[in-house]
Amino acid sequence: MKRLLVRRLSKLADAIPRERNNPPLPRMPPFDHKPLPYEGPTAAEILKKRAEFLSPSMFCFYKKPLNIVEGKMQYLFDEDGRRYLDAFAGIATICCGHCHPKVVKAITSQTKCLQHSTIVYLNHAITDFAEALASKMPGDLKVVFFTNSGTEANELAIMMARLYTGCHDIISVRNAYHGNAAGTMGATAQNNWKFNLMQSGVHHAVNPDPYRGLFGSDGEKYARDVQEIINFGTSGQIAGFISEAIQGVGGIIELAPGYLPAVYKTIKKAGGLCIADEVQSGFARLGSHFWGFEAHGVVPDIVTMAKGIGNGIPLGAVVTTPEIAQVLTRRSYFNTFGGNPVCTAGGLAVLRVLEEEKLQENAYIVGSYMKDRIRTLQEKHNIIGDVRGRGLMLGVELVTDHQQKIPAKTEILHVMDHMKEMGVLVGKGGFHGNVFRITPPLCFTKEDADFFVDVMDIALSKL
Ligand code: PMP
C-alpha cells in the first residue's frame, strides 16, 4: 500500500511543471517493461539484516542505498518500481542486457534438464561452448579451462605459467586488479587500497598511466621498468607477466600505447608467458575489438576471462595453447563446478546474442558517441580532469586542480547521488576513488547515452 502511494506520488511529481528558472530534468528514454509487484523486505530491513549477518567489509553505493529487485536489458528497478538506467552493469558483469530472454531461456532449459559437475562424465554443453569460445581467439589459443570466477581463472593462469616455465617470478602492473585470493591479491596489490598480501616472486611494474604516469603516453619508456625488474629482481628467467588491456577497478586506465608490445617482447626473451586478463575488457565491450589485447596488437600465451562471459552467472575461463595446456596433465587437475552445464549453456547463449544483435558494433558506435559527448562536458566543467576508455568501458576522472591533479573524492560522491536521484546509476573506482566507471550493458542506445550525459551535466552543475 505504502509502495503504491510512493509510486503514485512520484508519477505526480513527474507531471508537475518545473519552476521557470529550473530547466526541465532530462527524460529517460521510454521502455516497454512493467516490473513485477515487489512484496519482499524493504531497503531498511535488508540493511539491518546485512549489518547483523553479513561481513562488515561489504559496502554500498549512495547515502541511501538502493534495493534493486529487477533488471531488464539496460535498466534496473527498485523496490518501488522506479526505473534506473544502469551505466555500471554490475561492474561489467552484464554484457548483453539484464535477464536477456535468450540467455535466461538457455539457463533455465538446462537447469530443468541437468546440472552436474563436469568431472567424470561427458556432456555436450561444455564442449559446445569451448569450441565457440576458441573460435573467437587468435593464433593457437584454443584449449579452454572453465572456472567459476575471474579470481580462479587468474590463479590458474599464474600456476600454469609457473609450471610451464619452471620459474616462479611473475610481473604484474601497479594499480591492476586480478582477484581476491592470496595469489591474485599478491599480483594485484602494492601501495594499494587492496590487502597488501606479499607473495614471494611477485614484482610490480610502474603503471603506464598516460594521465598520471611519469612518462605520459610513451609506452616504451614505461616498459623499460619491466626489463629492469627482470635484470635486478630475478634470475633473468621469469614465469610470466599479467595485465589488463584497460585497468577496470584501477579507474579505466588505458595502458600507454606501445607498452604491451614492448613488454611482451621483453617477457618472451626472458622465457616467460604473457597473460591477458580480459575479465573486464573482453567480450566485445571495447567495440573496436572483441578482446582488449587485440587493441594493443599483441597475442598473449594465456587469456583469462569472467564477468561478461556469463552475463551475470558465475563463470570464468582460461584459454591457452595445446602445448601450454599439457602442463596440467602432470598431476590431477579439476574444478568441481568449472564449466558446469548450466553456466556453459548460458555462456554459449551470450556469445550467440553478441553476434545476432551486433553488440560489438553497438558498443563501438554508442561508446564513441558517448565519449565525444562527455568530452564536450569537459569544456564546461573544470572538475573533469580526464575522459578516457574505449567503446562501453569509459572513465571520467574528477580533480579539483588540473595542474596537481588533486582527486575530487568528496565531489564525486555528490555527483553520483544526484545522478541516482535523476535515475542514472554509474560506477566509481580508481586508486583515489575519484573516477567514474561507465560500463553499461552493451545494448545501451544513443538515447541512453544522451540521457546519461545530460544527467551528468546537471549533477556536475549542482556542485
Ligand atoms: N580481473 C579483473 C580485471 C577484474 O576486474 C576482476 C573483478 N573485478 C577480477 C579479475 C576478479 O574477478 P572475480 O571477482 O570474478 O573473481
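Ligands are counted one by one from 1 in listed order, and the atoms in each one are counted from 1 as well.
Using a heavy-atom distance under 4.0 Å as the criterion, the protein contacts of ligand 1 are S149, G150, T151, N154, Y177, H178, G179, E244, V249, D277, V279, Q280, K307.
A search for side chain to side chain donor-acceptor pair (under 3.5 Å) contacts involving S200 returns H168, not counting sequence neighbours.
Classification of E131 and K142 as a salt-bridged pair fails, no side-chain N sitting under 4.0 Å from a carboxylate O. Look at R388 and E397 and you find a salt bridge, because one of the NZ, NE, NH1 or NH2 atoms lies within 4.0 Å of a carboxylate O, short of that distance.
Proximity of a side-chain donor or acceptor of S117 to a complementary backbone N or O of T336 within less than 3.5 Å is detected.
For the side chain to side chain contact (heavy atoms under 4.5 Å, CB included) with Y211, the lone residue among V399, I253, V435 that qualifies is V399.
Between F61 and F59, the ring planes are tilted. Angles from 30° to 60° get that label.
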